[in-house]
Structures are given as C-alpha cells and as structure tokens.
Amino acid sequence: MASLPSVAVTGVTQKLDLEYRKFSQHYSISTDKNTNISYQRSYTSKPSEKNIDPKSLDYREALSILKESSVVESAVYVPILQECIDNYSVSEAQMIHTHVIKTGYHEDMFLMTFLINVYTKCGAMDFARGVFDKLSKKNVVTWTALITGYVRNSEPELAIRVFLELLESGAYPTNYTLGAVVSACSSLYLVGMGKQIHGYIVKYNIESDTSTGNAICSLYSKCRRFDLAVKAFRRIPEKNVISWTTMISACGDNGDAMLGLKIFVEMLLDGVEPNEFTLTSVLSLCCVMQALEFGEQVHSLSIKFGCVSNLPVKNSIMYLYLRSGKTDEAQKLFSAMETISLVTWNAMIAGYAQMMENEKNVLKAQHSGTDALNIFLKLNRSSLKPDLFTFSSILTVCSSLVAIEQGEQIHAQTIKTGFLSDIVVGSALVNMYNKCGSIEKATRAFVEMPTRTLISWTSMITGYAQHGRSAQALQLFEDMRLAGERPNKITFVGVFSACSHAGMVDQAMRYFKMMKKEYRIKPVVDHFACLVDMFVRLGRLQDAFDFIEKMEFEPNEFIWSILIAGCRSHGNMDLGFYAAERLLELKPKDFETYVLLLSMYLSAGRWKDVSKVRKLMKDENLGKVTDWSSISIKDKVHSFRPDDRSQSHSTEIYKLLDNLLDKAKSLGYASLKSLEMADEEETDKTFSSAIHHSEKLAVAFGLLNMTSGASVRVLKSSSMCRDCHSLIMYISVLTGREIVIRDSKRLHQFNNGHCSCGDFGSLL
DNA sequence: CGCTCATAAT
C-alpha cells in the first residue's frame, strides 16, 4: 500500500490554513439539501436561443435535437450524458464529447465538469483526466469531480495528489472536496492525515454539514478508532439515514454489535426511516448477537419499509435464519428467490460452514459440512463463479471434514481462477492441508504464498507442532520474527505445543518470558495447558503439579485432565486421585473428562468414586458419548458408529479387521481393553463395551476403497483410546500406509509404526 | 449549479 510521505501530510495542513482566509471570505457551506437544481441559469447559451430546461427534456428528444442541428444549447447534452452514465457507455460519452468540442462548448464549466463526472462514473479515469487537463479554467467543482472520480475508481493516492494540486492552484476546498478526501484517507487508512483534515473541518465549522460528518465517522471506523467514530457521529447536528447507517455498521465492524442495535432503536425513536442499507447492517448485527427474535422484528420492518425485495436485505435475512439454526426457513427463502447473486451462494455456504464450526453434535456438524459442499457443487454448475469468500469458506469446510481430495480439487480451481494469490485463500489452503494431516502439502502452499500473514505463519507453526515436527515449528517461529511479523497469543500456543512435544523445557521457559516481556502478551489458559502437557510428557508430574499451583489462573477441566492422564500412564496414582478430587469440584462439562475419571477409578477398583462420578454425570445431564468417525473419499463422506454394520461393505470391513488383528497380535499387539471393559453401565456403554470403535471401521473402509498406497485420513469425534491407537500403529506397519486420524484433541499421523502425537499424553 | 457519505458472505 502506498502511503504519502509525512512531509506531504503536514504540507496539507499548512496549505489548508493558508488557504482558509480566502476560503472563508468566498464560501459559505450550505447544508440545505433540498435546493432544487436549476440548470437554466448556469448554461452558456447563444443570445438568439431560447433557454431549454433539460429536466423537461428526455433522452430521445435531446438526441433528435442533437441530430437535427449542429448548433444547440449545452443543456441538450445533459439527458444524453445521463444516459451514458446509466448505460456505463464510454464510447457514447466520447461521441458526445467530440460533438461538444465541435459546437464550441469545451469551455463551458458546467458541461465539462459533468463530462468529467460521466467519464469517472463509467470507469474511464484517463478520459476524465484528459478533459480536466485541457480546461483552461478550473473551479473547485471541477477539481472535486476529478478527486471524487479517483476515489470512486479505487485510486485514493491519486485523489490525494490531485487534492494537493488543488491547494497549490489556489482553489478553495468545499465540504464536497473535503468529504471526498476524507474518504480517500479512509481507504488508505491514513488516520493521521484524516485527523488533520478533520481538525480543519472542525475549526471552520464545516463539521455541521451532515455528509462531511458522515465521511469522518466512516473514516474513524475504518481506521479502527471507534471512540472517535462515535464522537464524530454524536456531533452531527442533523443526522440523516446515512449517518445512522454509517454508525450502525461501524459498531459491527468494531465488535460492538449490541451498541449497534441500541443505536438502531434510537434511530427509530428519532423518527428516521431505515432503508435497505440500514436494514442489512442491522440484520448482520443480529447474526453476531444471535438475536433471532430481534432479527425477526427487523424482518417485519423490512416488509413495512418496502425493502424486503432488495437482494442484500434478502440475503441477510436468509443468512440470519441459517445462522440461527432455522435451516428450513433459510432454505425456503433461498429457493423462493428468483434472482440470486454470488453473495447469496456465499452466504449459504458460509452459513453451513459456521453451523458446522459451532455445532457440538459431531453428526450434525458433519451434515452441515456436506450441505455446504453440495451447495458449492451447485454453485459450480451455475453461471456464477466462486470468489475468495467462497473459496475460503469451502476450504474451511474441507479442513473440518478432513476432505483432502475435495480440498485438492478446490486448490486446483483457485489456481485456474487466480484466487490462489489471495492471502485469505492461501491461509485457508495451508490450514486445510494441516488439518488434513498433510504437512508436506501445507508447507508447499505456505511457501507459494506471495506474502505471509500473521495467520499463515501461525497456522504453519501450529501445523508443524501438531505433526510432531518441533524443530521446524521453532525454526519457522524464528523466521517469522526475522521477517518482522509480530506473533500473537495463538502463535505462542503453537510454539509451546512444539516445545511440549519435544520436551524442550528450557526453550519453552525462554519463549514464555519472551512472550510476556518482549511482546507484552498475557498468558492464557491454553499456554499453561501446553506447558503442563510438556512436564507430563517428560514424566515430571510433580513439576507439572507445581506449575499448575503457581500459575496465575484457576486450573480448568482440561489442565487437570492432562495431569490425570499423565498420572495414569506414569503410575503416580496418589497425585492422580488428588487431581481428580480437584477436578470434580469444578463439575466438568466435557463427557470425555468423565470417561477419563471413570476409567481411572475403575482400573483402581475404587467403586465408591465410580458411583460418585456417575452421580455427577447424571446431575450435569450430559448427553451420550458420541463416537463417530468419518472418511471422505472422492465427493462422498462416509460415517461410522462403533460396531457399525450399516455399510454395504461391512462384511469385508470386518473380515479385513479380523485379518489385521491376527497379524498384529503375531507382531506383539496386545489388547488393552481388559480393565476398561469391565464396566457395563449404560452411560458409557457405547464407549467402552464396543468391540470396534468407529475409527477402526473407517480406516478399514479406507483401506478397501482407496487407491493402493494412498494415505487414509479419518476424522473422529472423540479422543482415540490407547487400544485403538496401538492397533492403528500396527496397521500402519502391516499395510505400509500412512494413516491420519484427527480426533477431538489432537492429530495422529501414523507412519510405519510411529505416531506424530508422540504416543503419550492424554490418551484415554 | 455540477462534485460526497452507508449494505450482505472469509
């Protein structure tokens, strides 16, 4: 992004002050928006001619006048030029332009300004500039038209440059000019320069102009100076619908949706009628707030104010229903829409993607994911083409479903359509490959990104850490620092997780200090979880416990679980029982926490504690454990429950599993099920009494149905148990295949008898 | 006079 040198910025203010004396003498700012525009007086006309009011002249009439006579009043051009704007027709504008020159009106200030405006509105800035440069005399409106043109055509730097030229020329900026320049500052995030212009505007009382006030409010909002945006808004004496809408959407952009809704109510009480812009903004706030009932009221208002047929409004209403779980309602609206845009498709895809992310029930989440994929396929069959929003949403879906084949297809599509170079799409790709357990492809996608962002660095560091490649994770972190990118707290979660994996205590502590001192990032509970995990993996349980005791957080359910799992696998049961007591005080919410506690107490034969845990489970009213696994092959997602026999291939699946089990036993695999299986109570029956947990079935299905040698990638809803973990390691040896299982807690990449998770930690 | 300010999906 180009930014102006600070010299230029200070230059502006000096210049502005200098110009003010002249300015204040010659201009008064009119806030009267209802003045009827009269063209007659301002047109140059030949003395012999009668003045024509262009407003009473339509396009056809004007055109016929133009054809019949070579000598016309300049007003005749107006409806024709208006038509050029409406048709976005540069060529027609050029024809009129030539005509204007022939008839000698090329010095008519109004007409030429209008022509500049026509060209800018048709996207032909070169022509607009050409007209401007040829003018022997220019006034501030001419200048402003050009500046506005650059702003409109996404050339804010040029807009500001022309503004500086304007000051140089001795012309006086008006509220119109300043509004356009403020808007140019907004798109360049030049809050400093914007502030200086604001100061000027305040000083000379142009601020009371509604439009200027709106522009300033918008500037501060875009530059993330929300407090200043609110102040600017409050200072607008006569707020119009744009003022309110600007402020409401500013609330959304700056993360205060509630305030936005309050301001909307204030607006209604003020008697200002919302329009389609307002309603779309408000509906998006309702999404953020998950305020369905309020949203339904807004839906009614949309009908009342006649905006319900407006496409953005419809899209927003549909998205709101989708995000609120009213999928039927959303689908109904979707299929009832006679015209839809790409945003409609994207809203549907993003809606299902979001539902998938938020859905605790893994089966439902999976359904949402496949719904999103199906909509994406439909979009591809339609006449519209996916864009960066589509790609980033759908790649998230692929990553959540561990659908690498679909992801690769979409990767190819981003290359073809040129969206690969987009940083959001690039990060989404890196994330997708990481979540699918393909560190090689993630690395390639990362390296091929034209520029890296905080998100992509972090995603890649975390990816290395999750794949057990600690050294590479830390190397990348150092590269990131060298590149001058500032890590955030999530980056450090990746760093600590890498240290934890490799048992690098000293490194971890050094980075922990660095995070606090150098980057002023407050540790969060996830950081402590990684560090506790690190001590546990090393078997340093007492250190882990001491660390928990002295950290500046109340240990949560997750942290205690890590310690307890460690105590189990390292045989320090006293500490385990103590930690379990403390954990129970927290009344855990996660089903898997209870499974861990139960299996610990069961294996120790502590029946009293078993029933205590059971009672708490009933009190907390937890749902059933959901052991689900899925595998995505081609464009289909196949799901499995424990001991599932619903698949048509199930006979083959079980045959293969039995075969593999026998071979594994001969290599030394021993079932770890004996103790856990002793429990037959209903609550955890699905978990413990199953002969085959779901991931085994999914893996077997993959082995049977994928091209030989291809990696098998499975998504599992809960954590893997130690038994399955052990068996899959043998299967990876026996089949010579890479097997990736992403469970609810971590990624397991099995290769030739090894797993990237390090084979220990909080396995149940 | 002519020239401005605001919207939905990652």
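Letters A, B, ... are given to chains in the order of the sequence lines, protein chains preceding strands, and every chain is numbered from 1.
Within residues 243-258 of chain A, the residues that have a heavy atom under 4.0 Å from DNA chain B are, in order of number, A:Thr245, A:Thr246, A:Ser249.
Residue A:Phe110 places its side chain closer to B:dC1 than to any other of B:dT10, B:dA8, B:dC1. Looking at the side chain of A:Ala350, the nearest of the listed nucleotides B:dA9, B:dT4, B:dA6 is B:dA9. Here the nucleotide nearest the side chain of A:Val151, chosen from B:dT4, B:dC5, B:dA6, is B:dC5. Comparing B:dT4, B:dA6, B:dA9 by their closest approach to the side chain of A:Asn275 singles out B:dA6. In this structure, of B:dT4, B:dT10, B:dC3, it is B:dT10 that holds the atom nearest to the side chain of A:Phe389. Of the candidate nucleotides B:dA9, B:dT7, B:dT10, B:dT7 has the atom nearest to the side chain of A:Pro312.
The distance from atom CD of A:Glu238 to atom C1' of B:dT4 is 17 Å, rounded to the nearest whole Å.
Within the nucleic acid shown, A:Met109 comes within 4.0 Å of at least one base atom, counting heavy atoms only. Contacts of A:Arg323 with the nucleic acid, taken as non-hydrogen atoms under 4.0 Å apart, are absent. Within the 4.0 angstrom heavy-atom criterion, only backbone atoms of the sugar-phosphate kind lie near A:Lys222; the bases stay farther away.
A heavy-atom distance below 4.5 Å is not found between the side chains of A:Thr212 and A:Tyr176.
Residue A:Tyr176 and nucleotide B:dC3 are classified as a stacked aromatic pair, their ring centres being separated by less than 5.5 Å at an interplanar angle below 30°.
With sequence neighbours excluded, no residue forms a ring-ring contact (aromatic ring centres under 6.0 Å, His included) with A:Phe294. By the side-chain contact (heavy atoms from CB on, under 4.5 Å) test, A:Thr390 pairs with A:Leu342, A:Asn346, A:Ile349, A:Phe376, A:Leu379, A:Pro386, A:Asp387, sequence neighbours left out. Residues passing the side-chain hydrogen bond (donor to acceptor under 3.5 Å, both in side chains) test with A:Tyr220, sequence neighbours excluded: A:His198. In terms of the side-chain contact (heavy atoms from CB on, under 4.5 Å) criterion, residue partners of A:Glu266 (sequence neighbours excluded) are, by chain and number, A:Arg234, A:Trp244, A:Ile263. Listed by chain and number, the residues in a ring-ring contact (aromatic ring centres under 6.0 Å, His included) with A:Phe226 amount to none (sequence neighbours excluded).
Within the 4.0 Å cut-off from OP1 or OP2 of B:dC3, at least one side-chain nitrogen or oxygen of A:Asn117 is found. Between A:Tyr319 and B:dT10 there is a side-chain polar atom (N or O) within less than 4.0 angstrom of OP1 or OP2. Phosphate contact (OP1/OP2 of B:dA9, side-chain N/O of A:Ser393, threshold under 4.0 Å): absent.
Checked by distance alone, A:Thr280 brings a side-chain donor or acceptor within 3.5 Å of a matching partner on the base of B:dT7.
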